[in-house]
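Notes follow once the structure below has been shown.
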Amino acid sequence: GYRVSLQGNFFGRNRTYITFPEYNPCKHIKLDPPLNIQSNVTASKCHILWSVPWDLAEILQYELQYKEYSMPWETALNKTPSSSLPEIEIEATELHSGITYIARVRCKVSENEDSYQSQWSEWSQTTVFQRADVPKLSEKILNTRTMPFLFIPLSFGTLLYLFWNYKLSLRPRQKGSPVLTFPHQLLSFSHSIICTMGILR
């Protein structure tokens, strides 16, 4: 270790004061903040990662802050990674849809490290992200599963209706009774099916 003293002229006299009789630089470290903070958002989570010097990565611990972009940092939430890896995940359930968030991170030597001690670094640069929009369940079901099952019975019912009307059209009818001929009914059926498919899509 080292002995740190303060020497100077005080009130016309030279004096020496011992400030730190045993000073160990390894116990008084302030690190640079993490670099290159980035965020990758999926439907289930937001993955935030950053970089630090490779030779320090195994002995560091981190603290992340994130908040709504328009709010002050005093309202930020804190998260601590469970490992020494320079990354952390925020679950989508912790974020509100349509809200922009901003995050930053800082580091210090892990409290489990005996050889070195440090205080927290300054905060890093920030990264901005939003929760990924997830399609509504009803829309997904309608688009992927329901449409074929709706189309089949609708088509069968329409064909049955046209067949019944066609049989009725072959019977003698009173003069002036408006009954569509089979070709006109088939054209009407095709139009109705096209319109139905357009609505379902």
Side-chain angles (χ1 to χ4, degrees), residues 1-8 17-147 201:
Y2 298 86
R3 184 179 70 172
V4 178
S5 61
L6 177 64
Q7 186 176 20
Y17 295 92
I18 306 299
T19 309
F20 297 101
E22 291 290 335
Y23 180 78
N24 186 350
C26 294
K27 303 293 184 179
H28 301 273
I29 299 172
K30 185 171 182 179
L31 301 167
D32 292 329
L35 302 173
N36 305 320
I37 182 170
Q38 303 175 41
S39 53
N40 299 316
V41 181
T42 65
S44 60
K45 61 190 175 184
C46 175
H47 183 210
I48 299 178
L49 62 161
W50 52 90
S51 60
V52 293
W54 64 269
D55 53 338
L56 298 177
E58 294 185 356
I59 66 171
L60 298 183
Q61 68 181 68
Y62 308 96
E63 182 180 42
L64 178 96
Q65 278 192 341
Y66 72 97
K67 67 178 184 71
E68 294 183 16
Y69 190 86
S70 59
M71 300 297 289
W73 281 109
E74 287 74 17
T75 65
L77 298 176
N78 295 343
K79 287 184 73 72
T80 302
S82 57
S83 69
S84 61
L85 295 176
E87 60 183 9
I88 195 170
E89 291 180 351
I90 303 174
E91 297 297 327
T93 53
E94 302 178 57
L95 307 172
H96 298 289
S97 180
I99 300 297
T100 300
Y101 291 87
I102 185 171
R104 61 185 184 179
V105 66
R106 61 181 180 175
C107 64
K108 73 173 184 177
V109 174
S110 172
E111 296 176 355
N112 299 323
E113 179 64 35
D114 296 328
S115 301
Y116 302 94
Q117 292 180 3
S118 75
Q119 57 181 301
W120 284 110
S121 71
E122 298 297 327
W123 290 104
S124 69
Q125 297 295 314
T126 57
T127 182
V128 177
F129 58 93
Q130 277 190 334
R131 175 179 172 177
D133 291 331
V134 181
K136 294 182 180 179
L137 181 60
S138 58
E139 295 177 356
K140 292 173 67 177
I141 293 176
L142 181 62
N143 290 334
T144 59
R145 297 182 180 179
T146 308
M147 186 172 65
R201 289 180 182 178

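All heavy atoms count here, side chains included; hydrogens, waters and symmetry mates do not.
Side-chain atoms of Leu31 and Leu60, non-hydrogen and from C-beta on, do get closer than 4.5 Å to each other. In this structure, the side chains of Tyr62 and Ile88 stay at 4.5 Å or more apart for every pair of heavy atoms. Looking only at side-chain heavy atoms (C-beta outward), His47 and Phe129 stay at 4.5 Å or farther from each other. Ser121 places a side-chain heavy atom less than 4.5 Å from the side chain of Pro34. Leu49 places a side-chain heavy atom less than 4.5 Å from the side chain of Asn40.
Here the CG atom belonging to Leu56 is positioned 9.5 Å from the CG atom belonging to Asp32, to the nearest 0.5 angstrom. Within the model, atoms OG1 of Thr100 and CZ of Arg131 stand 13.5 Å from one another, a figure rounded to the nearest 0.5 Å. Taking CH2 of Trp120 as the reference point, atom NZ of Lys108 lies at 5.5 Å (rounded to 0.5 Å). For the atom pair CZ of Arg104 and OG1 of Thr127, the computed distance is 13.5 Å after rounding to the nearest 0.5 Å. For the atom pair CD (Gln38) and CD (Gln125), the distance works out to 13.0 Å, reported to the nearest 0.5 Å. In this structure, OH on Tyr66 lies 11.0 Å from OG1 on Thr75, to the nearest 0.5 angstrom.
Between Tyr69 and Val128 the shortest heavy-atom distance is CE1-CG2, 3.9 Å. In terms of heavy-atom proximity, Tyr116 sits nearest to Ile29 at CD2-CD1, 3.7 Å. Taking every heavy atom of both residues into account, Thr42 and Ala132 meet most closely at O-CB, 3.5 Å.
For the side-chain contact (heavy atoms from CB on, under 4.5 Å) with Tyr101, the lone residue among His96, Gln130, Lys67 that qualifies is His96.
With sequence neighbours left out, Lys30 forms a salt bridge (charged side-chain N to carboxylate O under 4.0 Å, His left out) with Glu122.
For the pair Ser118 (side chain) and Val109 (backbone), a donor-acceptor distance under 3.5 Å is present. Put simply, the side chain of Ser124 gets close to the backbone of Val105: a donor and an acceptor are under 3.5 Å apart.
Heavy atoms of other residues, nucleotides or ligands lying less than 6.0 angstrom from CG of Asn78 number more than 12. In the displayed structure, Trp73 atom CH2 is contacted under 6.0 Å by more than 12 heavy atoms of other residues, nucleotides or ligands.
Counting only residues at least two apart or on different chains, the salt bridge (charged side-chain N to carboxylate O under 4.0 Å, His left out) pairs with a member in residues 80-96 are Lys45-Glu89, Lys79-Glu94.
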